[in-house]
Structures are given as structure tokens and as C-alpha cells.
There are 2 protein chains.
Amino acid sequence: MPTPTSPPPAPARRGRPGHDREAVLAAAVELFTRQGYAATSVGDLARALGVTKSAVYHHVGSKGELLALALDRALAGLETAVDEATAAPGSAYARLRAVVRRSVEVLVAEQAAVTLLLRVHGNSDVERDALARRRTIDERLAGLVRAAVEEGSLRADLDPQLVSRLLFGTVNSLVEWYRPGGPVGAEQLAEVVAAVCFDGLAARPRDL
Amino acid sequence: MPTPTSPPPAPARRGRPGHDREAVLAAAVELFTRQGYAATSVGDLARALGVTKSAVYHHVGSKGELLALALDRALAGLETAVDEATAAPGSAYARLRAVVRRSVEVLVAEQAAVTLLLRVHGNSDVERDALARRRTIDERLAGLVRAAVEEGSLRADLDPQLVSRLLFGTVNSLVEWYRPGGPVGAEQLAEVVAAVCFDGLAARPRDL
DNA sequence: CCTACCGATCGGTAGG
DNA sequence: CCTACCGATCGGTAGG
């Protein structure tokens with residue numbers, strides 16, 4: 001038992017050391033991505049943290065609030081990536097390639113949160129708000145692709161919208177298999193993805 | 001108790017015309033993909049069909065059985081695509097390109113079921129069995145990529161496993177946005193995806 | 001009055 | 001194919 005008799009005059013920490021809001025969020029994001037949001041109960045989350053459900057509710061108002069926090073983290077990261085890359089000087093092609101690289105880096109840094117974002121169905125206001133923000137990002141990306149096509153640096157035989165979807169579909173698919181700490185680092189991955197997307201997989205003379 | 005008093009002599013059709021097992025499965029797959037499997041209750045499904053929950057259980061033994069049927073449909077389609085494309089004559093490159101095209105076609109034909117498959121978490125035996133079958137498919141695809149790299153038709157500076165993941169990550173990402181009946185047909189989409197994956201997005205002299 | 005919890009239980013709803 | 005239910009578990013909250 002912690003201090004049942006001795007009253008320390010300093011009003012320092014009482015109760016157990018315990019977790020903070022950030023630790024609860026981290027555990028929630030991990031479980032939500034591994035099992036799915038709907039399939040994860042607050043009880044599951046509490047068990048993973050080694051506390052009771054009530055302890056979880058001490059730190060967070062609702063299960064949906066945890067989802068909202070996670071989705072905001074993913075969206076903020078992606079929005080910043082798009083902001084920075086679109087504001088950069090240079091050709092539309094260079095900006096697009098930069099946004100691909102930066103997106104991969106965000107996706108690696110906030111992988112679990114981005115995974116959640118990509119799986120949102122719109123089953124609640126929180127999810128619908130996230131989908132709306134995501135659509136805005138997608139539209140900005142499509143605009144960048146359009147500019148690169150008009151500039152003449154992307155193949156002109158394909159619809160820019162289609163190109164945008166294939167491009168960021170490839171980027172987003174990374175969450176399905178990439179695990180940090182493996183043989184491929186984040187920056188290296190970003191460069192490989194950009195190279196494959198823009199230059200293709202087929203062997204070319206310059207490979208030899 | 002059923003029929004406590006009135007025993008109708010004619011055993012003809014009783015009850016409403018109603019749905020069959022296939023209609024229940026179709027509605028389930030649609031709802032599971034739209035809302036997520038865990039977030040879809042059997043009551044939701046019943047409401048969508050305009051019947052009661054018990055009516056649903058007349059056609060199907062459990063919610064998990066509906067998931068198993070859907071996942072089997074997706075897996076069988078993809079397995080057939082890989083079977084046929086890998087058995088075809090020609091270079092490894094040609095077989096790989098064929099399997100990409102055939103995969104896109106299966107994905108379009110069984111889009112909802114494939115979407116479900118791609119979102120499986122392994123939360124039940126049904127889901128774990130599906131993941132195991134999917135892994136086998138992925139390994140065969142990776143083997144085909146490896147053969148194409150060794151043959152010299154794919155860029156040799158990248159790990160075949162990485163190439164395989166990017167390639168089929170791109171293919172699989174189609175479920176997120178492709179809707180049949182739109183401006184792009186299935187075969188056309190298959191050809192575009194193969195072209196973009198192998199030749200890249202960047203403009204090249206032959207485009208001009 | 002605070003932070004950090006616990007044991008028990010709330011009203012509703014899940015799959016069956 | 002329905003009405004009428006079950007065991008259990010859901011997200012969330014009470015007092016201490």
C-alpha cells in the first residue's frame with residue numbers, strides 16, 4: 001500500500017503513478033488499428049493499460065473522443081505536408097514529388113493514426129468530419145497533379161483525378177505493411193515510392 | 001410454440017415471398033463494406049432487407065457465416081486470377097502484367113467482397129483463415145515479381161518483396177474509389193493501372 | 001479542493 | 001417469416 005500512515009507534507013502526487021491522457025491515446029490508437037475501432041471496447045483498452053474502464057474515463061470523455069484525437073493527429077500531419085509542399089518554389093512536378101515524399105514521411109511517423117483515418121466509414125459525426133477534412137486534402141492533391149499534367153511533366157493521356165487516386169492510393173497502401181524499425185527507413189521509403197510512382201517498375205536502360 | 005391451433009392442410013408457400021440466402025449475403029456485403037463489419041448489426045441488416053432479425057437467421061446461421069461467404073468469394077476470385085495468370089506461357093514480365101490486369105478485373109467484379117477482405121483484422125477464426133489464404137496469394141505474387149526481376153524485366157535496384165507490395169498496394173487501393181458504371185470500364189482500368197505501375201507517371205518522349 | 005484511480009452498476013443493445 | 005425473449009456485454013457513470 002502506498003503511504004497508508006505517513007502523510008507527506010508536500011502536496012505532491014497522490015494516487016498511483018498511473019497513465020496520462022497521452023498514454024491512453026497511444027494505447028487506443030494501437031488497439032483501434034489492430035482490431036478496428038468498433039471491435040475495440042473501452043474494456044479492451046482498459047485491460048491493455050492494466051487499469052479499469054473508469055480509469056480510462058478519468059482521462060478521456062468518451063471512446064469517440066479518442067478517435068477524434070487520433071484522426072486530428074493524422075489529418076494535421078497530412079495537411080501540414082500538403083501546405084509545405086505546395087508552398088515550395090519550383091515546378092508543379094517538383095512540388096508533387098515533394099508532397100509524395102512528405103506524405104510518406106507523415107504516414108510513417110503517424111502510421112497508426114493514418115491507418116485509422118484511412119479506415120473511417122462515416123459512422124458518426126467525428127468520422128464524417130474527418131472524411132470531410134480528408135476530402136479537402138484529396139482535392140488539393142488532385143489540383144497539384146492537374147498542374148503537373150498541364151505543365152507537361154506528367155503523362156497527358158490520363159485523367160488527373162485518376163492519376164491522383166492511383167498515386168496516393170499507392171502511398172496510402174504503405175500502412176498495410178510498412179513497419180518502422182525494419183530494413184527500410186522512412187526517408188528511403190519515401191524516395192523509393194516517389195521513384196516507382198513517377199518512373200515505373202519496368203527495367204530501363206539507365207538501370208543497367 | 002409454432003402452430004398451436006391452426007394446422008393448414010395445404011403445405012404450399014407460407015409466409016411472405018421474401019428473400020433468399022443470396023439476397024441476404026448481397027445486402028450484408030454491402031452494409032459490411034459501407035459501415036464496417038463490427039459496426040453493422042444483424043438488426044441493421046434486417047432493416048435494410050425490410051424483415052426482422054429472426055428472418056435473417058432463417059437464411060444464415062450467424063453473422064460470421066455471412067462474412068465467411070463474402071471473404072471466400074473474394075479469395076476464390078483472386079486465387080483463380082493468380083492461377084490462370086501464372087500458368088500462362090510467356091515471360092515472367094508478361095505473366096506479372098497479366099496477373100495485375102486480372103486482379104483489377106476481379107477487384108471490380110467482386111469489389112465489395114474484396115474490400116471486406118482487405119479490411120479483415122484477424123478478430124475471429126473466420127478472419128484469421130481468410131488472412132492465411134490471403135498471405136498465400138501474396139507470396140505467389142511476390143514470387144512472380146521475383147521471377148520478373150531475375151529475368152531482367154523489372155528494375156533490379158529494389159527488393160522484389162517491396163516491389164510486390166507497392167504494386168498490389170496500388171491495385172488494392174482501387175476499392176477505395178472505383179465505382180463501376182462510371183467513365184472508366186473494368187478492362188480499361190486494368191490496362192491503365194498496369195501501364196502506370198510498369199511505366200510510371202512521368203511524361204516521356206513517347207507520350208509526345 | 002486536487003489527481004488518480006477502484007468496485008459496482010447504470011440504461012440500452014448486441015448476436016442469437 | 002414474426003413475436004417474444006435469453007445471456008452477455010456494450011459505453012458510460014455513480015459514490016468513495
Side-chain angles (χ1 to χ4, degrees), chain A residues 1-4 7-29 31-32 35-70 121 123-127, chain B residues 1-8 10-25 27-28 31-32 35-70 123-127:
Chain A
M1 290 294 180
T3 60
R13 46 144 188 79
R14 280 191 295 176
R16 301 241 212 110
H19 303 279
D20 60 2
R21 188 180 165 88
E22 196 62 33
V24 174
L25 176 58
V29 170
L31 277 180
F32 291 167
Q35 308 180 350
Y37 173 74
T40 302
S41 70
V42 177
D44 290 339
L45 176 55
R47 199 179 324 117
L49 288 163
V51 299
T52 63
K53 273 201 302 178
S54 301
V56 171
Y57 280 106
H58 171 75
H59 293 291
V60 65
S62 69
K63 185 186 172 188
E65 184 182 322
L66 285 167
L67 182 63
L69 288 169
H121 285 290
N123 290 340
S124 65
D125 283 339
V126 163
E127 297 195 358
Chain B
M1 289 297 175
T3 61
T5 47
S6 64
R13 48 145 187 76
R14 283 188 294 178
R16 303 240 212 107
H19 305 278
D20 60 1
R21 188 180 165 89
E22 196 61 33
V24 173
L25 176 59
L31 277 179
F32 291 167
Q35 307 180 349
Y37 173 74
T40 302
S41 70
V42 178
D44 290 339
L45 176 55
R47 198 181 322 116
L49 289 163
V51 299
T52 62
K53 275 200 299 177
S54 302
V56 171
Y57 281 105
H58 171 74
H59 293 291
V60 65
S62 68
K63 186 186 172 188
E65 183 183 322
L66 285 167
L67 182 62
L69 287 170
N123 290 340
S124 65
D125 284 338
V126 163
E127 297 195 358

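Owing to the predicted nature of the structure, the values given are computational and were not obtained by experimental measurement. Each chain gets a letter, A, B and so on, in the order the sequences are listed, and its residues count up from 1.
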Pair up each side-chain donor or acceptor in residues 39-48 of chain B with any protein partner under 3.5 Å, not counting sequence neighbours, and list the distances.
| from | atom 1 | to | atom 2 | distance (Å) |
| --- | --- | --- | --- | --- |
| B:Thr40 | OG1 | B:Leu31 | O | 3.4 |
| B:Thr40 | OG1 | B:Gln35 | OE1 | 3.2 |
| B:Thr40 | OG1 | B:Gly36 | O | 2.7 |
| B:Ser41 | OG | B:Gly43 | N | 3.3 |
| B:Ser41 | OG | B:Asp44 | N | 2.9 |
| B:Ser41 | OG | B:Asp44 | OD1 | 3.4 |
| B:Ser41 | OG | B:Asp44 | OD2 | 3.4 |
| B:Asp44 | OD1 | B:Arg47 | NH2 | 3.3 |
| B:Asp44 | OD2 | B:Ser41 | N | 3.1 |

Side-chain atoms of B:Ser54 come closest, of C:dA4, D:dT13, D:dT3, to D:dT3

What is the minimum heavy-atom distance between A:Leu67 and A:Tyr37, and which atoms define it? CB-CE1, 3.8 Å

My understanding is that only residues two or more places apart in sequence, or in another chain, count here; which of them pass side-chain hydrogen bond (donor to acceptor under 3.5 Å, both in side chains) with A:Ser54? none

Expressed in angstrom and rounded to an integer, what is the separation of B:Arg47 atom CZ from C:dG15 atom C1'? 15 Å

Rounded to the nearest angstrom, tell me the gap between atom CG in B:Leu45 and atom P in C:dG16. 12 Å

Over all atoms of both residues, closest heavy-atom pair of B:Ala70 and B:Leu25: N-CD1, 4.1 Å

Got a sec, which residues hit side-chain contact (heavy atoms from CB on, under 4.5 Å) with A:His58, two or more places apart in sequence or on another chain? none

Report the stems of DNA chain C as range-with-range entries sorted by first number; a stem here is at least three consecutive pairs, Watson-Crick or G-U wobble, both distances under 3.5 Å, and write none if there are none. none

Applied to residues 50-67 of chain A, the salt bridge (charged side-chain N to carboxylate O under 4.0 Å, His left out) test, sequence neighbours excluded, yields A:Arg21-A:Glu65

Pairwise C1' distance, C:dA4 and D:dG16 [rounded to whole Å]: 13 Å

Can you tell me if A:Thr52 touches the phosphate of C:dC5, counting only side-chain N or O atoms and a distance under 4.0 Å to OP1 or OP2? no

Could you measure between the two C1' atoms, the one in C:dC10 and the one in D:dC10, and give it in whole Å? 12 Å

Atom CG of A:Leu66 to atom P of D:dG12: distance rounded to whole Å? 9 Å

Minimum heavy-atom separation for B:Leu49 to B:Ala23, with atom names? CD2-O, 4.1 Å

Could you tell me how far apart B:Glu65 (CD) and C:dG16 (P) are, to the nearest whole angstrom? 10 Å

For nucleotides D:dG12 and C:dA8, find the distance between their P atoms and express it as a whole number of Å. 22 Å

Dump the pairs, protein N or O against N or O of nucleotides 9-11 of chain D, anything under 3.5 Å, distances to one decimal.
| from | atom 1 | to | atom 2 | distance (Å) |
| --- | --- | --- | --- | --- |
| D:dG11 | OP1 | A:Thr40 | O | 3.3 |
| D:dG11 | OP1 | A:Lys63 | NZ | 2.9 |
| D:dG11 | OP2 | A:Val42 | N | 3.0 |
| D:dG11 | N7 | A:Lys53 | NZ | 2.8 |
| D:dG11 | O6 | A:Lys53 | NZ | 3.2 |

